[in-house]
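Just so we're on the same page: letters track the sequence lines, and every chain starts at 1. Values below: all heavy atoms of this structure, side chains included; hydrogens, waters and symmetry mates excluded.
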Amino acid sequence: MTHSQKPNNFIQQVINSDIESGDVSQVITRFPPEPNGYLHIGHAKSICVNFGLAEQYDGVCNLRFDDTNPEKEDQEYVDAIIEDVRWLGFNWQNDVCYASDYFDQLYSWAQFLITQNKAYICELNAEQMREYRGTLTQGGVNSPFRERPAAESLALLEQMKNGEIDEGRMTLRAKIDMASANINLRDPVMYRIKKMAHQRTGDRWNIYPSYDFAHGQEDAIEGVTHSICTLEFAANRPLYEWFVANLPLPSKPRQYEFGRLNLNYTVTSKRKLKQLVDEKHVEGWDDPRMPTISGLRRRGVSAQSIRDFCNSLAVAKTDGVVDMAQFEHFIRDDLNNNARRAMCVLDPLLVTLTNYGADKTEQFTAPGHPNRDDLGERRLPFTHQVYIDRNDFSEDSSLSRKKFKRLVIGDYVRLRSAYIIRADQVKRDASGEISEIIGSIVPDTVGQDAPEGIRPRGVIHWVSASSSADCTVKMYDRLFNKAAPDAGEGSFLDHINPESLRIIKGCKAEIGLASACAGEHYQFEREGYFTPDSKSSELVFNCTIGLRDNWNS
RNA sequence: UGGGGCGUCGCCAAGUGGUUAAGGCACCGGGUUUUGAUCCCGGCAUCGGAGGUUCGAAUCCUCCCGCCCCAGCCA
């Protein structure tokens, strides 16, 4: 809806010319995840590209599971992926699609190719096949089974399908060109034996189609016009086209590749993310430090900001690494506009106001948002004892006003939406640490400018000592302390940031936060954005991201 | 040493022979501010390199350099 005059990317240019030439009347795309892990921020870009294009051209985008390898796939992933795509805000008019729904059709197309003398059953084992394939610089050698009669291949394929052949003993291969400079064309495998139950087809099949033999045909069945994938599939395109050209398909889809999203200080590889989960380096796929959609959601990152970020990215053929700061900008941008404001003291230090009645309570109001009246207002009880953050107080009165805009002994500070107060003296505990500040309010300063002669150094947040909500706050830092965790020698695991999670107990939140619910976003003023943790029964807030702070100290 | 793809500001990225080479992020100044936030104003590149074509090139040609992907019965 907020489509600016952003220039067309190369795929849009292709679509425009396809529409102009009449080759395409309705744009159909698809987002084709393999259910072998949870979706991450990189997938979000692909989702936005595919669903976004369908939306822009009044077309259709299917959510289709590329479930051709039961060895790695699981229903848990299917469910999680559907939830994540929905949460991101996308819908599809067709039912969810599955490659496994096309297994029968794929099988008969395989038979067709055999009949056409364009596929054969090969009995080379994995190692032999590798040797016969040749190398990057040397062509391969034809398989001794290459000229096997079609009738024989047909019969063997049937046996493979029926479970009469052991795994690894045979494969169905396309007969293309063992001398091709493109290794993908050196008689690629179309079917391999896997005597394994599939989450959707059960034990019906003992053979499963390879990605290359399945993907283009799935697209053709669904009438996909523009099959958009990432750069690493560019070398597979000639093979994609070979199947499209040699099979009697209902449509002729075309493949286009764009650069996947890479972010620094994190990893976006399902394999690596799964390793982090399996080896318990994180709590799970939805650990708030994970770049997964579910992790980001639990962290408090909004779907809107993920979409905004993805839409800010270029759809091009360069494979760069986007700075995390660019993502963070969009996270803050949305939260700043929409998160309700609140106050929460993370490291409470008691302040007793001696000139304020010990049993007195005033109810102050503060806006839910500084410039959005529709977010209403909140009530803040004020009492003679309040908490402020330990970091907001200093005994060093030589600190310049510019350098330290907080409370200093003998000086004034504004308590946000409340009184201006002064710190008069401190109390210490046995270890010498400050245990309490004794101070006083400046009367009649609520909602009023400071009186003549009094200049508060700044504004700090606070919470009533007798009327607040106890809570725990979880602060997160980047999961890796190296910009490119998987570059160079060693494992990406060597660069895990040991301080990526900091749990702060005993925080004091303004009383209204006692009823905060998961899914809500708050800005704790002067601190950052927080969201209640969906996995906790107690009041626990996850820090989504801190506020920008431009002051160097 | 094979094939495919890519190189424009610290990062992302427009640009498709004639523009002062967009924009965003980051950064640096300044203003507003009961959040050191937000917001506002301003600053910030000659296009991987070398030749060449042209009145004129980031855009065309040549050579060179660099980076990424492909040798799973993974996707």
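For the C1' atoms, the distance from B:C6 to B:C41 is 38 Å, rounded to whole Å. B:U54 sits 12 Å from B:G18 when the C1' atoms are compared, rounded to a whole Å. Between the C1' atoms of B:G48 and B:A75, the separation comes to 33 Å (whole Å). Separating the P atom of B:U38 from that of B:A26 is a span of 9 Å, rounded to the nearest Å. Annotation: B:G29 and B:U34 have their P atoms spaced 23 Å apart (nearest Å). Taking atom P on both nucleotides, B:C11 is separated from B:C73 by 38 Å, rounded to a whole Å.
A:Q199 places a side-chain heavy atom less than 4.5 Å from the side chain of A:P35. Counting only heavy atoms from C-beta outward, the side chains of A:K270 and A:E34 approach each other to under 4.5 Å. Side-chain contact between A:W462 and A:L380: present, with at least one pair of heavy atoms (C-beta onward) separated by less than 4.5 Å.
Residue contacts shown for A:V413 are absent, as no nucleic acid heavy atom lies under 4.0 Å away. Looking at heavy-atom distances under 4.0 Å, A:N264 makes no contact with the nucleic acid at all. Residue-level contact check: A:F327 touches neither bases nor backbone, having no heavy atom under 4.0 Å from any strand. Base contact: A:K402 has a heavy atom under 4.0 Å from a base atom. Residue A:G168 is in base contact, counting any heavy-atom pair closer than 4.0 Å across all strands shown. Counting any heavy atom pair closer than 4.0 Å across all strands shown, A:L136 reaches a base atom. Using a 4.0 Å heavy-atom criterion, one finds that A:A325 contacts the sugar-phosphate atoms exclusively. Note on A:M343: nothing from the nucleic acid sits closer than 4.0 angstrom, heavy atoms only. At the heavy-atom level, A:K317 lies under 4.0 Å from the strands shown only through sugar-phosphate atoms. Contact annotation for A:G458: no contact, since no heavy-atom pair falls under 4.0 Å across all strands. A:R526 comes within 4.0 angstrom of a base, heavy atoms only. Here A:T318 lies in heavy-atom contact (under 4.0 Å) with sugar-phosphate atoms only. Using a 4.0 Å heavy-atom cutoff across all strands shown, A:R416 reaches at least one base atom of the nucleic acid. Counting any heavy atom pair closer than 4.0 Å across all strands shown, A:T230 reaches no nucleic acid atom.
In this structure B:U16 sits in no base pair that meets the Watson-Crick or G-U test at under 3.5 Å. With a cut-off of 3.5 Å on both Watson-Crick or G-U wobble distances, the partner of B:C67 is given as B:G5. Shown here, B:U34 forms no base pair; nothing in the strands shown gives a Watson-Crick or G-U wobble contact with both key distances under 3.5 Å. Using the Watson-Crick or G-U wobble rule with both distances under 3.5 Å, B:C73 pairs with nothing in any strand shown. Pairing partner, B:G42: B:C28, with both Watson-Crick or wobble hydrogen-bond distances short of 3.5 Å. The partner of B:G51, taking Watson-Crick or G-U wobble pairs whose two distances both stay under 3.5 Å, is B:C61.
Within the structure, every side-chain polar atom (N or O) of A:R186 is placed at least 4.0 Å from both OP1 and OP2 of B:A71. Side-chain nitrogen and oxygen atoms of A:R332 include none within less than 4.0 Å of the OP1 or OP2 phosphate oxygen of B:U38. The side chain of A:H329 contributes an N or O atom lying less than 4.0 Å from OP1 or OP2 of B:C25. Distances shorter than 4.0 Å separate some side-chain N or O of A:R192 from OP1 or OP2 on B:C74. Note on A:K194: a side-chain N or O is less than 4.0 Å away from OP1 or OP2 of B:C74. Between A:R341 and B:U38 there is no side-chain polar atom (N or O) within less than 4.0 angstrom of OP1 or OP2. The side chain of A:S210 contributes no N or O atom lying less than 4.0 Å from OP1 or OP2 of B:A75. For the pair A:R260 and B:C12, the criterion of a side-chain N or O lying under 4.0 Å from OP1 or OP2 is not met. Taking side-chain N and O atoms only, A:R548 has a distance below 4.0 Å to OP1 or OP2 of B:C27.
In the set B:C6, B:G2, B:A13, the nucleotide with an atom closest to the side chain of A:A314 is B:A13. Distance from the side chain of A:A234 is smallest for B:G4 among the nucleotides B:C73, B:C12, B:G4. Here the side chain of A:R133 is nearest to one of B:U35, B:C73, B:C25, namely B:C73. Nearest to the side-chain atoms of A:V189 among the listed nucleotides B:G2, B:A13, B:C73 stands B:C73. Side-chain proximity of A:N236 to B:C11, B:A75, B:A71: nearest is B:A75.
With its glycosidic angle more than 90° from 0, B:G52 is assigned anti.
Applying the 3.5 Å distance criterion, the base of B:U34 shares a donor-acceptor pair with the side chain of A:R414. For a distance-only test at 3.5 Å, the side chain of A:Q523 qualifies as a donor-acceptor partner of the base of B:U35. Judged by distance alone, with hydrogens and angles left aside, A:Q13 brings a side-chain donor or acceptor within reach of the base of B:U16, the pair sitting under 3.5 Å.
Between the CG atom of A:N184 and the P atom of B:G72 there is a distance of 11 Å, rounded to whole Å. Atom C1' of nucleotide B:A13 and atom CG of A:N262 are separated by 15 Å, given to the nearest angstrom. Between A:F258 atom CZ and B:G5 atom C1' the separation is 15 Å, expressed in whole Å. A:F309 has its CZ atom 16 Å from the P atom of B:C11, to the nearest Å. Straight-line distance from the CD1 atom of A:I331 to the C1' atom of B:U38: 17 Å, rounded to whole Å. If you take CD of A:Q326 and P of B:A13, they are 9 Å apart, rounded to a whole angstrom. Rounded to an integer number of Å, the gap from OH of A:Y208 to C1' of B:A75 is 16 Å. Atom pair A:L239:CG and B:A75:P shows a separation of 12 Å (rounding to whole Å applied).
Remark on RNA chain B: of its neighbouring residues A:D319 and A:N125, the 5'-side contact belongs to A:D319, judged by nearest-heavy-atom nucleotide. Each of A:F330 and A:D66 lies near RNA chain B, and the nucleotide nearest A:F330 is the one positioned closer to the 5' end.
Under a cut-off of 6.0 angstrom, the local environment of CG in A:D396 is crowded, with over 12 non-hydrogen atoms contributed by other residues, nucleotides or ligands. Within 6.0 Å of the CG atom in A:D449, the count of heavy atoms belonging to other residues, nucleotides or ligands does not exceed 12.
Ring centers of A:Y256 and A:H226: under 6.0 Å apart, within the cut-off.
Put simply, the residue from A:T68, A:N206, A:I207 that forms a side-chain contact (heavy atoms from CB on, under 4.5 Å) with A:Y191 is A:I207.
Between the side chains of A:Q304 and A:D308, at least one donor N or O lies within less than 3.5 Å of an accepting N or O. In summary, the side chains of A:Y522 and A:E527 do not present any donor paired with an acceptor at a separation below 3.5 Å, with no hydrogens or angles considered.
Scanning both residues, A:Y419 and A:E362, for their nearest heavy atoms gives OH-OE1, 2.5 Å.
The main-chain N or O of A:P144 is never found under 3.5 Å from a side-chain atom of A:Y132 such that the two would form a donor-acceptor pair.
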